[in-house]
Structures are given as C-alpha cells and as structure tokens.
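First comes the structure, then the notes that go with it.
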Amino acid sequence: MHISVVGLGKLGAPLAAVFASKGFRVVGTDASPAVVASVNAGLAPVDEPGLQALIDVSQGRLAATNDTPAAVAQTDATFIVVPTPSDSSGKFSNEHVIAALEAVGQGIRGKTSYHLVIVTSTVMPGSTDGELRDALERASRRIVGESVGLCYSPEFVALGSVVRDMLRPEVLLIGESDPRAGELLQGIYARSCDSQPVVRRMNCVNAELAKIAVNTFVTTKISYANMLSDLCGRIRGADVDVVTQAIGSDSRIGGKYLRGATGYGGPCFPRDNVAFAALARELGARADLAEATDAINRYQVDRVVDAVVLRQSPPGAIGVLGLSYKPHTAVVEQSHGMVLVERLVNRGYDVLAYDPQAMAAARNVSRVQFETMPSAESCVRSASLVVIMTPWPQFADIAITAFSRTGKRLTVIDCWSIATTPMEAVADIVYLGRGAVGTTPLTA
Ligand SMILES: NC(=O)c1ccc[n+]([C@@H]2O[C@H](COP(=O)([O-])OP(=O)(O)OC[C@H]3O[C@@H](n4cnc5c(N)ncnc54)[C@H](O)[C@@H]3O)[C@@H](O)[C@H]2O)c1
C-alpha cells in the first residue's frame with residue numbers, strides 16, 4: 001500500500017510521517033517549495049513534538065514533491081489535508097480542497113487500478129458527498145463507489161500532541177462512500193495506530209457532523225466553566241476550581257476541559273461554533289448553545305480587561321505572561337493573550353509581554369506596539385501589574401524576588417490559579433474565579 005498526502009502542514013506533515021514510520025511508502029505533496037525541500041532534506045517542515053523523530057526513522061520511505069498528479073499516480077490512497085479557512089459567513093471554505101481534488105483526479109486518470117481518496121481537512125457537513133464528490137468524479141472521470149472510493153476521516157488531535165494523538169487515538173471516525181472504501185481505510189489505520197481505538201464507520205455527512213459536534217461540545221464545557229467562574233468571582237467564599245473539580249467527578253460530566261480560566265483560542269476551536277451556527281441558520285434550525293458558547297468565550301477577555309482597569313490606571317506597565325493560545329506551542333492564532341495585549345494598548349496602557357515560545361509569532365501578527373521581554377522574570381520585575389494568560393508550567397517557577405516591591409504590593413491577576421504560596425506571600429494574587437474571603441465581593 002503506497003500513500004500520498006496532499007498538504008504537509010501542521011496536520012499533514014505528522015500524518016505523512018506517522019504512515020512512513022509504520023512502513024508505508026509515502027509521497028507528500030505541498031504547494032510550498034520550502035515545505036517540499038524541507039521534507040526531502042529529512043527535516044520536519046513544522047514544529048511539532050515527535051515529528052522529527054518519526055521522519056528520522058522513515059528515511060527512504062518518505063519523500064515530497066509539488067507534483068500532486070504524479071504523486072497520486074504512483075500511490076493507492078491519497079489523504080487531503082489542505083486548509084479550509086472560514087469564509088465571511090463563518091462556514092469553512094472548500095476552495096483549497098477542491099483545487100487539491102482536481103490535481104488528485106488528474107493523477108487518478110492516469111491509473112488503471114482502484115484508488116481511495118480520504119478528506120482529512122475539516123469540512124462543512126454535506127461537503128464530501130456533495131461538491132467534493134462532484135469535483136473528484138469530474139477530475140478523475142470515474143464514479144465514486146466504483147473504481148474510486150471517497151472517505152471523510154478527520155483527526156482528533158491537538159497542536160503540541162499531534163503525533164501522539166495520531167498514534168494513540170481513542171476513536172477513529174470513518175465516513176465512507178461505500179464499504180470497500182471504509183474497509184481499506186480501516187486497514188490503513190489498523191497498521192498505523194498503536195492503540196486499539198473504537199472505530200465508528202458511517203456515511204460521510206454523519207462523520208462531518210460528528211467532527212464539528214465534538215469540538216462544539218468540548219468548547220461548550222469550557223464556556224460553561226468560564227460562566228461558572230464569572231459567578232464564583234462575585235460570591236463571597238466561592239472558588240470555581242473547587243466547584244468544577246466536584247462536578248467533574250460525576251461521570252456524567254467528567255473533568256476534562258472543565259476549568260474556569262481564560263477562553264479557548266487556536267486555529268480550530270473558535271471557528272467551530274461559528275460554523276455550526278452559520279449552518280444552522282442557513283437550514284432554518286436554531287443553534288442557541290453554539291452561539292452562547294462563542295459569546296461567553298469572547299466575553300472572557302472583557303473580564304480580564306475589567307479586572308486590570310479596576311486596579312491600575314493607564315499607562316501603568318502591564319506585564320502579560322503567555323501569548324500562545326495554550327502552553328507548549330508557538331501558535332498565537334485567536335489567543336486570548338494576544339487579544340488582551342491589543343485591548344490594553346488600545347486603552348492607553350504600556351504593555352510588556354513574555355512567552356516561552358511565541359514571541360516571534362506574536363511580533364509578526366500584532367497590530368499594536370508592545371514591549372517584548374527577554375524572560376518571564378524580567379517581565380514581572382518591570383511591571384506594575386501582571387496578568388498570567390497561559391498556564392506555562394515555568395510561570396510557577398519565576399524567582400519570588402521578581403514579585404517583591406517596596407511599598408505597594410504587586411498585583412498579579414492569575415487566570416489559571418498557578419500562583420504558589422511564596423508568590424501569595426509577597427504579591428496580591430487575584431483569582432478571577434474566586435470570590436473575596438470575608439470581605440466585599442469582587443465586582444470584576
Ligand atoms: N492543525 C490542527 O490541529 C488541525 C486539527 C484538526 C483539523 N485540522 C484541519 O486540517 C486541515 C489542515 O490544517 P493544518 O493546520 O494542517 O493547515 P496548514 O495551513 O498548517 O497546512 C496546510 C498545507 O497545505 C498546503 N496546501 C494548500 N493548498 C494545497 C494544494 N492545493 N496542494 C498541495 N498543498 C496545498 C499548504 O502549503 C500548507 O503547507 C484544515 O482543514 C484544518 O481545519 C487541523
């Protein structure tokens with residue numbers, strides 16, 4: 001079984017490397033010459049833990065090209081992992097997937113044997129068995145279900161653990177045009193997974209719905225915890241962490257993604273509720289929960305801004321710790337740390353910021369001027385108020401002397417409850433999800 005992977009980005013490169021590491025001969029294709037050159041030089045084209053190690057053990061079985069038809073022609077199955085950006089209505093655009101399918105179909109045309117096409121990119125429900133199937137049939141001049149199979153099979157992975165998540169999935173979702181296509185794909189996964197995942201096979205539209213439903217459900221849990229946090233912060237003696245730990249112990253609820261903190265960000269989560277709601281509107285259905293989840297998420301930065309404004313007037317020197325949307329990644333897309341920096345600068349504050357990995361990315365995309373600090377310690381030392389926006393573990397280890405001030409104590413707004421007892425001894429730590437103890441309740 002020879003595999004081609006179209007699109008060697010954050011998801012496609014790890015997917016190609018996982019298959020190659022498991023003994024498949026893999027040809028990756030990408031529109032970017034730099035990405036192709038990197039893979040052919042044996043270097044990971046994206047920064048993802050474990051990816052380089054997989055490429056290292058795959059030597060001789062992993063190559064790349066920018067000629068998609070040629071890559072498809074020499075393989076038996078093709079995974080399409082190109083971007084599906086949100087359009088102005090909030091839905092995911094199939095533009096790049098269709099362009100990829102045109103090239104894939106061209107490659108299939110030159111073959112005589114059966115070919116399987118798997119769409120891995122996140123697409124709107126109805127796409128695969130609709131315009132994607134049409135594009136493939138047109139370009140390949142074959143009928144789906146006869147000599148060409150079409151599957152929709154998204155990955156449930158998180159940036160920073162993509163390789164591990166691909167090797168050890170809990171569930172495999174296979175949307176299939178016909179049993180032969182699904183069987184073949186299940187066989188590929190059986191060889192590439194180290195875990196024994198639950199396999200769910202279904203038609204393509206149910207798989208597309210299941211993918212978007214997982215993300216909208218998980219984000220609903222996050223927004224629920226944040227809604228609870230807002231309430232707890234206004235009730236004397238309340239602590240969101242105590243409450244979420246208690247309710248998370250109930251197996252009907254579960255503790256994962258149930259933490260009052262900052263809102264969710266990154267390239268996937270924020271756009272899924274928006275797309276879900278856009279689809280519902282188009283079909284005349286209601287998606288109140290998806291809309292509320294998104295609105296609650298956007299409100300989380302307001303809570304932090306209000307907490308800063310209540311305690312410090314501009315220009316101040318607000319130290320923001322954490323710009324990536326989560327720890328262990330340099331990705332700043334839709335990160336609440338970045339939104340906070342922008343909102344504070346626009347209100348006239350001087351902002352100093354530090355992130356262990358995302359400083360370069362933050363500088364590249366920021367629309368406002370802020371000072372980038374060389375270390376977490378220097379950021380805390382120079383600030384008149386500090387906000388912890390991303391729970392990088394090293395933020396709990398900042399030298400305590402950096403928090404000490406003569407005269408007025410430093411205020412630290414700790415969105416993730418990572419402050420330590422020694423920090424509490426020298427600074428005023430504000431936990432947004434905890435109501436004041438024995439005094440007037442907080443108003444922000
Ligand atoms: N990154 C994630 O964690 C993640 C998780 C789940 C789903 N997804 C979905 O996977 C898809 C890909 O996401 P990503 O994060 O890997 O994107 P990415 O932007 O990191 O990578 C996409 C790659 O595709 C290449 N490309 C674009 N058009 C092409 C074409 N016609 N032919 C060949 N190459 C082409 C680009 O040059 C780029 O290298 C999206 O639909 C995304 O929603 C991503």
Side-chain angles (χ1 to χ4, degrees), residues 4-18 27-39 44-49 51 64-72 78-87 90-107 117-125 127-128 132 135-136 139 152-166 169 171-173 207-208 210-216 218-219 264-272 274-276 324-326 328-334 361:
S4 39
V5 176
V6 182
L8 297 171
K10 295 184 286 295
L11 196 59
L15 191 67
V18 163
V27 190
T29 86
D30 201 282
S32 156
V35 168
V36 170
S38 173
V39 172
V46 293
D47 197 11
E48 187 59 39
L51 176 57
T65 173
N66 57 13
D67 188 341
T68 298
V72 170
T78 304
F79 288 79
I80 296 180
V81 207
V82 298
T84 46
S86 300
D87 64 21
K91 288 165 48 185
F92 310 138
S93 159
N94 285 334
E95 182 192 350
H96 299 293
V97 182
I98 290 174
L101 280 168
E102 276 158 10
V104 169
Q106 214 180 310
V117 177
I118 305 102
V119 175
T120 306
S121 299
T122 305
V123 297
M124 293 306 294
S127 298
T128 308
L132 303 187
L136 178 61
Y152 173 69
S153 183
E155 293 284 341
F156 294 101
V157 298
L159 289 180
S161 58
V162 174
V163 168
R164 191 196 63 205
D165 297 344
M166 280 178 178
V171 57
L172 289 173
L173 195 57
E208 290 162 335
K211 165 68 179 172
I212 197 167
V214 164
N215 284 5
T216 52
V218 169
T219 48
Y264 54 82
C268 295
F269 277 170
R271 68 196 201 114
D272 288 329
V274 176
F276 189 99
S324 57
Y325 81 95
K326 64 174 191 175
H328 310 293
T329 176
V331 176
V332 295
E333 214 172 322
Q334 304 272 334

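As the structure lists them, so they are numbered: ligands from 1, and atoms in each ligand from 1. The shown structure was predicted, so the numbers you read here are calculated from the model rather than taken from an experiment.
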Exercise for review: May I ask you to check whether Leu11 has an N/O atom sitting below 3.5 Å from an N/O atom of ligand 1?
Suggested key: yes
Study note, to complete from the structure: In this structure, OG1 of Thr329 is separated from NZ of Lys10 (nearest 0.5 Å) by 9.0 Å
Check your understanding: Atoms of ligand 1 less than 4.0 Å from Val6 heavy atoms?
Key -> 32 (N), 33 (C)
Practice item. Would you check the N or O atoms of Lys211, main chain and side chain alike, for any that come under 3.5 Å of an N or O of ligand 1? Key: no
Exercise for review: Establish, from distance only, whether the side-chain atoms of Ser4 and Thr78 form a donor-acceptor pair under 3.5 Å.
Suggested key: yes
Review point. In Å and rounded to the nearest 0.5 Å, what is the CE to CZ distance from Met124 to Phe276?
Key: 9.5 Å
Point to revise | Separation between OH of Tyr152 and CD1 of Ile80, rounded to the nearest 0.5 Å | key: 12.5 Å
**Study point:** Per-atom contacts of ligand 1 with Arg271, taking only distances under 4.0 Å to non-hydrogen atoms
**Key:** 43 (O)
Practice item. Give the residue, atom name and distance (to 0.1 Å) of the protein heavy atom nearest atom 18 (P) of ligand 1. Key: Lys10 NZ, 3.8 Å
Point to revise | Nearest-neighbour protein heavy atom for atom 38 (C) of ligand 1, which is reported as residue plus atom name and distance | key: Asp30 OD2, 3.5 Å
Review point. Near Tyr264 OH, under 6.0 Å, is it more than 12 heavy atoms from other residues, nucleotides or ligands?
Key: yes
Review point. So which protein heavy atom does atom 29 (C) of ligand 1 come closest to, and at what separation?
Key: Val82 CG1, 3.5 Å
Study note, to complete from the structure: Near Pro83 (heavy-atom distance under 4.0 Å), the atoms of ligand 1 are 19 (O), 22 (C), 24 (O), 27 (C)
Exercise for review: Could you check atom 42 (C) of ligand 1 against the protein and tell me its nearest heavy-atom contact, residue, atom and distance included?
Suggested key: Thr122 OG1, 4.1 Å
Check your understanding: Are Pro85 and Glu95 close enough that some pair of their side-chain heavy atoms sits under 4.5 Å apart?
Key -> no
Practice item. Consider every N or O of Thr120 and every N or O of ligand 1, then say whether any pair is closer than 3.5 Å. Key: no
Practice item. May I ask you to identify the nearest protein heavy atom to atom 34 (N) of ligand 1, giving residue, atom name and distance to one decimal place in Å? Key: Ala31 N, 3.1 Å
Exercise for review: Can you pull out the closest protein heavy atom to atom 1 (N) of ligand 1? Residue, atom name and distance to 0.1 Å, please.
Suggested key: Leu159 CD2, 3.7 Å
Practice item. Give, for atom CG of Asn215 and atom CZ of Arg271, the distance between the pair rounded to the nearest 0.5 Å. Key: 9.5 Å
Review point. Of the protein's non-hydrogen atoms, which lies at the shortest distance from atom 24 (O) of ligand 1, and what is that distance?
Key: Gly7 CA, 3.4 Å
Review point. If we ignore angles and hydrogens, is there a donor and acceptor under 3.5 Å between the side chains of Glu208 and Ser127?
Key: no
Review point. Got a second to check how far Leu132's CG is from Ile98's CD1, nearest 0.5 Å?
Key: 5.5 Å
Review point. Starting from atom 5 (C) of ligand 1, which protein heavy atom do you reach first, and at what distance in Å?
Key: Cys268 SG, 3.7 Å
Study note, to complete from the structure: Restricting to heavy atoms, the pick from Asn215, Thr329, Thr84 nearest atom 41 (O) of ligand 1 would be Thr84
Study note, to complete from the structure: Near Val81 (heavy-atom distance under 4.0 Å), the atoms of ligand 1 are 12 (C), 22 (C)
Check your understanding: Just distances here: any N/O of Thr68 and N/O of ligand 1 closer than 3.5 Å?
Key -> no
Point to revise | More than 12 heavy atoms from other groups under 6.0 Å of CG on Asp67 | key: yes
Review point. Roughly how far, to the nearest 0.5 Å, is CG of Asp272 from CZ of Phe92?
Key: 4.5 Å
